[in-house]
Amino acid sequence: EQNSSLPPRKAVRTTKASKPTMSFTIEKNDDIPPFLRYDGQDSFFGGEPPLSKTIGYLVVLGFGVLFSVITTCLVYADKMFGSKKEITSEQFNTAGRMIKTGLTASVIVSQWTWAATLLQSSNVAWAYGVSGPFWYASGATIQVLLFGVLAISLKKVAPSAHTVCEIVNARWGKTAHMTFLFFAFCANVIVTSMLLLGGAATVEALTGMDYRLASFLIPWGVILYTASGGLKATFLASYLHTVIIFAVLITMVFVVYIKVYSSDAIYKFLETTVTYTEEECQVIWSTNGTVAGTFFEPGSYACGPVSGNNEGSYLTMLSSDGLMFGVINIVGNFGTVFVDQSYWQSAIAARPSSAARGYLLGGICWFAIPFSLATSLGLASTALQLPIVAGEAGSGLVPPAVATELLGTAGSGLILVMLFMAIVSTGSAESIAVSSLVAYDIYREYINPEATGKQILFVSRIVIVVFGLLMGILSIVLNEMGLNLGWVYLFMGVVIGSAVIPLWNMMTWKKASGTGAVIAAWLGLVLAVVCWLIAAQVQSGEISVATLGANEVMLSGNLVAICMSGIIHFIYSMFIDPQDYDFAELDANIKLVEEDLSGLGPEEQDPAELQSAYVWITRRGYVLTLVLIFVWPLLSVPAGVFSQSYFAFWVLVAIAWGFGAALVITILPLVESSDDIMSVLNGMASMCTGKPIPDSEFEHENAAKEIDTPSEEVGYVPKPAAAAAPVSKVYEDADSEFETEA
C-alpha cells in the first residue's frame with residue numbers, strides 16, 4: 001500500500017470466520033479490494049443496469065441511422081466528385097479492386113474485431129491471467145498474416161474473381177464448388193450469430209433492453225448503408241468504426257494504468273487475489289460475512305489460486321489452460337479467416353501492391369485490440385475482485401463491468417458504443433460476403449448463367465436485407481439452446497476447420513486434387529464431430545452443452561478437424577490423384593459480368609510487382625508467425641511468475657502497441673487518400689459556388705486504361721488475353737525463387 005500510491009484506508013467492515021487452527025479477518029472498504037460496496041452481491045449485473053433503455057435505443061437505432069447517413073453520403077460524394085463512376089455490380093462487390101494499403105489494413109482490423117474480440121479476450125484474462133490476452137491476440141493474428149500470402153496469390157492467379165467459391169469452381173468443378181459453398185456459409189452464419197450473441201447480451205446487461213429485441217434492431221444499421229453502397233460503403237464505414245474502437249481502447253488503457261491505478265497497484269492486487277484460501281473466499285463472497293452464508297463455489301469468482309497456472313498466479317505465461325485455449329484459438333481462427341468470404345473479398349478489393357502490405361499491417365494493428373484491452377480491463381477485473389460470476393464472464397460482460405466500476409455510466413456507455421461499432425463493422429462485411437456468394441455462386445451459377453450486372457446488383461441488395469433480418473434469429477436460437485459467446489467461439493473450428501488446408505492448397509499447390517479436397521473437407525468434419533462427442537463422453541461420462549464446452553473436448557475436435565483434413569488431402573493428392581494444374585487456366589475460367597476492368601489492367605498485373613509482393617509477404621508473414629507463436633512465449637518462460645518490474649514492462653508493451661496501432665490505422669488511410677479527399681472537397685466547393693466541377697485525378701488515370709468493349713450490358717465480358725500468361729509465369733517464378741532462398 002505504501003509503494004503503490006493508493007489512498008489511505010477508510011472505515012472498514014470486518015468479517016471473521018473460524019478454522020480448526022486459526023482465525024482470520026477479512027477487511028472490506030471502498031478503496032482496496034474486496035470492496036465494501038459489493039458486500040453480499042452475488043453478481044455484478046444482477047441488479048439494475050447502469051444505463052437506461054433510452055440509451056440502449058439511442059445507440060442501437062440512433063448510431064445505426066447516423067452511420068448509414070454518413071456512409072451513404074460519402075459514397076455518393078465520391079461518385080459525384082471523386083471517381084465519378086456508377087455503382088455497377090462489379091463496383092458493388094469488389095469496390096473497383098483499387099483499395100490502398102491503409103484502408104485495406106483498417107478494413108481487416110474492423111472485420112476481424114468481433115464482439116468476441118472485445119468481450120471474450122477479457123474473459124480469458126479473467127480466467128487465466130496475463131496468458132489469456134496474449135494467446136487470444138497472437139492466436140488470432142497469425143491467420144491474418146498468413147492470409148496475406150493467399151491474398152497476393154489470388155492477385156497472381158485469379159485477379160478477376162469475386163468469391164473464393166468462384167475460384168474453387170474454376171479449378172475443381174461443381175462438386176467441390178457446392179462443398180466449399182457449404183463451409184463458406186457455415187463460417188458466415190457462425191460469425192454473424194456470435195456477433196449478435198455477445199452484443200445483444202451486453203446491450204441487455206447495460207441498458208435492460210431485451211436481448212431478443214436488440215438482436216433484431218442492431219442489424220438495421222448494417223442493412224441500410226451496405227445495401228446502398230456495397231463493399232465500398234462497408235470499407236468507409238469500417239474505417240470510421242475502427243477509429244472509434246481505438247479511441248475507446250486508448251481511453252480504457254489510460255484509465256486503468258495511468259489515471260486511476262498503476263501497473264504496480266494492479267500487480268499487488270493480483271498477487272493478493274490468489275493468496276486467499278477457499279474458506280476466506282467463502283467469507284468474502286457471502287451474504288452475511290460468514291462461511292454459512294456463502295454463495296462462493298470454486299471457479300465461480302476470481303478468488304484464490306488459479307488452477308493450472310504456475311504457483312496459482314495470474315502473473316505468469318506458464319498456464320496449462322491458457323496454452324490449451326491458445327491452441328484452440330489458433331486452430332479455430334484459421335477456419336474463420338480462410339473460409340470466410342469477407343477476407344477473400346477484401347483481398348479482391350485491394351490493389352495488388354496493397355494486398356500483401358494491407359494484411360500484414362492490419363494483423364499487426366489488430367493484435368493491439370485484444371492484447372491491450374484485455375491486459376487492462378480483463379486483468380483489472382480480477383485485481384479489483386469485482387463480483388463477476390463465471391456465467392457473466394462467459395457471456396462477455398467483463399469489460400462493461402470494469403468500465404462501469406472505473407467510470408460509472410460513462411464507462412458503460414463507452415463500452416456499449418465500442419461494442420456496437422464492432423458488431424456493425426463485422427456485420428456489414430459478413431452481409432456483403434453472403435450477398436456475393438448468393439449472387440455469383442448460386443444465382444449466376446445455377447439459376448441464371450446469363451445474368452446481367454443489374455440483375456446481380458438487385459440480387460445482392462435483396463440478400464443483404466434478408467440476411468440482415470435473419471441475423472437476429474440466429475443469435476436468439478443459440479441463446480435459447482443455452483450457448484454463450486465463449487462456447488460458440490471455441491466450437492467454430494470443429495465445424496469449418498476441415499476446409500482450411502484444402503483451400504490453402506488450392507491457391508498454392510499445383511498437385512492439389514479436387515476430389516481429394518472434397519473428401520478431406522467432409523471426412524474431416526465427420527471425424528471432428530465424432531471425436532468431439534467421444535471426448536465429452538470419456539471425460540465427463542455424459543454429453544451435454546457443459547461437457548462439450550470443456551477446453552480439452554473442444555481442443556480435440558478442433559485439432560482433428562484441421563489436421564485430419566490436411567493429412568487426407570495430402571495423401572490423396574500425392575499418391576491417389578496427383579494433378580499438374582496450370583494456374584494460367586484459372587483466371588480464364590472466371591467470368592466478369594460487366595466491362596468494368598478496374599484493377600485488372602497491365603499496370604496492376606505487372607509480373608515484377610507481383611513477384612516482389614509475393615516474396616515480401618511470404619518472408620514477413622512466416623517470420624512474424626514464428627515470433628508470435630513460439631519466440632515470444634518461450635522468452636517469457638524463464639520469468640516464471642512475473643516480477644513487479646517485468647509486469648510493468650509487459651504493460652508498457654501493451655500500452656505502446658495500442659497507441660501505435662491507433663495512430664497508424666487512423667492517419668495512414670487519410671494520408672494515402674488525401675488526393676481523393678481533396679477532389680471530393682473541391683468538387684463540393686465548386687458545386688456550392690456555382691463553378692464547373694473539376695475532373696479528379698482518378699478520372700484522368702482511368703481514362704487512359706479504358707479499352708474498346710461493347711457498351712451494352714452482357715452476361716460475359718472477355719478479359720484481355722495478355723494478362724493470363726504472365727500471371728502463371730510469375731507464380732512459378734516466385735515459388736522457385738522463394739524455395740531457392742529458403
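Only heavy atoms go into these numbers, but all of them, side chains included; no hydrogens, no water, no symmetry mates.
- Here the straight-line distance linking atom OG1 of Thr113 with atom NE2 of His241 works out to 11.5 Å at 0.5 Å rounding.
- Residues satisfying the ring-ring contact (aromatic ring centres under 6.0 Å, His included) criterion with Tyr239, sequence neighbours excluded, are absent altogether.
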(request) Evaluate the criterion side-chain contact (heavy atoms from CB on, under 4.5 Å) for residue pair Ile167 and Met507; output intermediate values, then yes/no. (result) CA-CA 9 Å; Ile167 303 173; Met507 299 299 297; 3.8 Å; yes
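- Note: Phe338 and Phe334 have perpendicular aromatic rings, judged against thresholds of 30 and 60 degrees for the angle between ring planes.
- Using a 4.5 Å heavy-atom cutoff, the side chains of Asp582 and Lys510 are not in contact.
- Side-chain atoms of Gln341 and Ser436 include no donor-acceptor pair closer than 3.5 Å.
- The closest donor-acceptor contact from the side chain of Lys155 to the backbone of Ile348 lies under 3.5 Å.
- Contact annotation: the side chain of Trp135 never approaches that of Asn329 to less than 4.5 Å [non-hydrogen atoms, C-beta and beyond].
- Between Phe180 and Val164 the shortest side-chain heavy-atom distance does not fall below 4.5 Å.
- Looking only at side-chain heavy atoms (C-beta outward), Thr242 and Ser425 stay at 4.5 Å or farther from each other.
- The two residues Leu196 and Gly472 make their nearest non-hydrogen contact at CD1-N, 3.7 Å.
- Atom-to-atom distance recorded for Asn589:CG and Leu586:CG is 7.0 Å, nearest 0.5 angstrom.
- With values rounded to the nearest 0.5 angstrom, Ile364 atom CD1 is found 10.0 Å from Arg620 atom CZ.
- Here Glu166 pairs with Arg444 under the salt bridge (Lys or Arg N to Asp or Glu O under 4.0 Å) rule; sequence neighbours left out.
- Residues Val438 and Phe185 have side chains in contact (heavy-atom distance under 4.5 Å, counting atoms from C-beta outward).
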Hey, can you pull the donor-acceptor pairs under 3.5 Å for the side chains in residues 136-149, sequence neighbours left out?
residue : atom : partner : partner atom : Å
Tyr136  : OH   : Ala116  : O            : 3.2
Tyr136  : OH   : Thr117  : N            : 3.2
Ser138  : OG   : Phe134  : O            : 2.9
Thr141  : OG1  : Ala137  : O            : 2.6
Gln143  : NE2  : Gly139  : O            : 2.7
Gln143  : NE2  : Ile330  : O            : 2.8

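- Here OG1 of Thr426 is found 9.5 Å from CE of Met194. Values are rounded to the nearest 0.5 Å.
- For Tyr581 and Phe583, the ring centers are positioned less than 6.0 Å apart.
- Without hydrogens or angle criteria, Ser431 side chain to Gly427 main chain gives a donor-acceptor distance under 3.5 Å.
- Residues Ile108 and Ser346 are in side-chain contact: their nearest non-hydrogen atoms beyond the backbone lie under 4.5 Å apart.
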(message) Is there a side-chain contact (heavy atoms from CB on, under 4.5 Å) between Leu490 and Asn551? Walk through the geometry before answering.
(response) CA-CA 8 Å; Leu490 298 176; Asn551 273 355; 3.8 Å; yes
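- Side-chain contact check for Asn333 and Tyr489: at least one donor-acceptor pair (N or O, by modelled atom type) lies under 3.5 Å.
- For the side-chain contact (heavy atoms from CB on, under 4.5 Å) test with Leu437, the passing option among Val463, Ile432, Ile442, Asn188 is Asn188; the others fail.
- Looking only at side-chain heavy atoms (C-beta outward), Gln455 and Asn448 come within less than 4.5 Å of each other.
- Within 6.0 Å of CH2 in Trp220 there are 12 or fewer heavy atoms belonging to other residues, nucleotides or ligands.
- Legend: ring-ring contact (aromatic ring centres under 6.0 Å, His included) pairs involving residues 455-475, not counting sequence neighbours: none detected.
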(message) With side-chain contact (heavy atoms from CB on, under 4.5 Å) as the criterion, how do Leu592 and His162 come out once you've worked through the C-alpha distance, each side chain's angles and the decisive distance to 0.1 Å?
(response) CA-CA 9 Å; Leu592 292 175; His162 306 89; 4.2 Å; yes
List the atom pairs, donor and acceptor, that lie under 3.5 Å between side-chain atoms in residues 513-526 and the rest of the protein, sequence neighbours left out.
residue : atom : partner : partner atom : Å
Ser513  : OG   : Thr515  : N            : 3.4
Ser513  : OG   : Gly516  : N            : 3.1
Ser513  : OG   : Asp577  : OD2          : 2.8
Trp522  : NE1  : Thr179  : OG1          : 3.0

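- For Ser565 (side chain) and Ala561 (main-chain N/O), a donor-acceptor pair under 3.5 Å exists by modelled atom type.
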(request) Run the numbers on Val488 and Ser193 for side-chain contact (heavy atoms from CB on, under 4.5 Å), then give the verdict. (result) CA-CA 9 Å; Val488 179; Ser193 303; 5.8 Å; no
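- The backbone N or O of Gln111 sits less than 3.5 Å from a side-chain atom of Trp114, completing a donor-acceptor pair.
- Side-chain contact between Leu150 and Trp344: present, with at least one pair of heavy atoms (C-beta onward) separated by less than 4.5 Å.
- When all heavy atoms of Val339 and Val500 are compared, the pair lying nearest together is CG2-CG2, 4.2 Å.
- Not one N or O on the side chain of Asn123 forms a donor-acceptor pair closer than 3.5 Å with the backbone of Leu119.
- For the residue pair Thr163 / Gln345, no side-chain donor-acceptor distance below 3.5 Å is found, with atom types taken as modelled.
- Nearest heavy-atom pair across Ser435 and Ser460 is CB-O, 3.3 Å.
- With sequence neighbours left out, Tyr446 forms a side chain to side chain contact (heavy atoms under 4.5 Å, CB included) with Lys174, His177, Met178.
- Atom CD1 of residue Ile501 and atom NE2 of residue His569 lie 10.0 Å apart, to the nearest 0.5 angstrom.
- The closest side-chain donor-acceptor pair between Ser475 and Ser215 falls under 3.5 angstrom.
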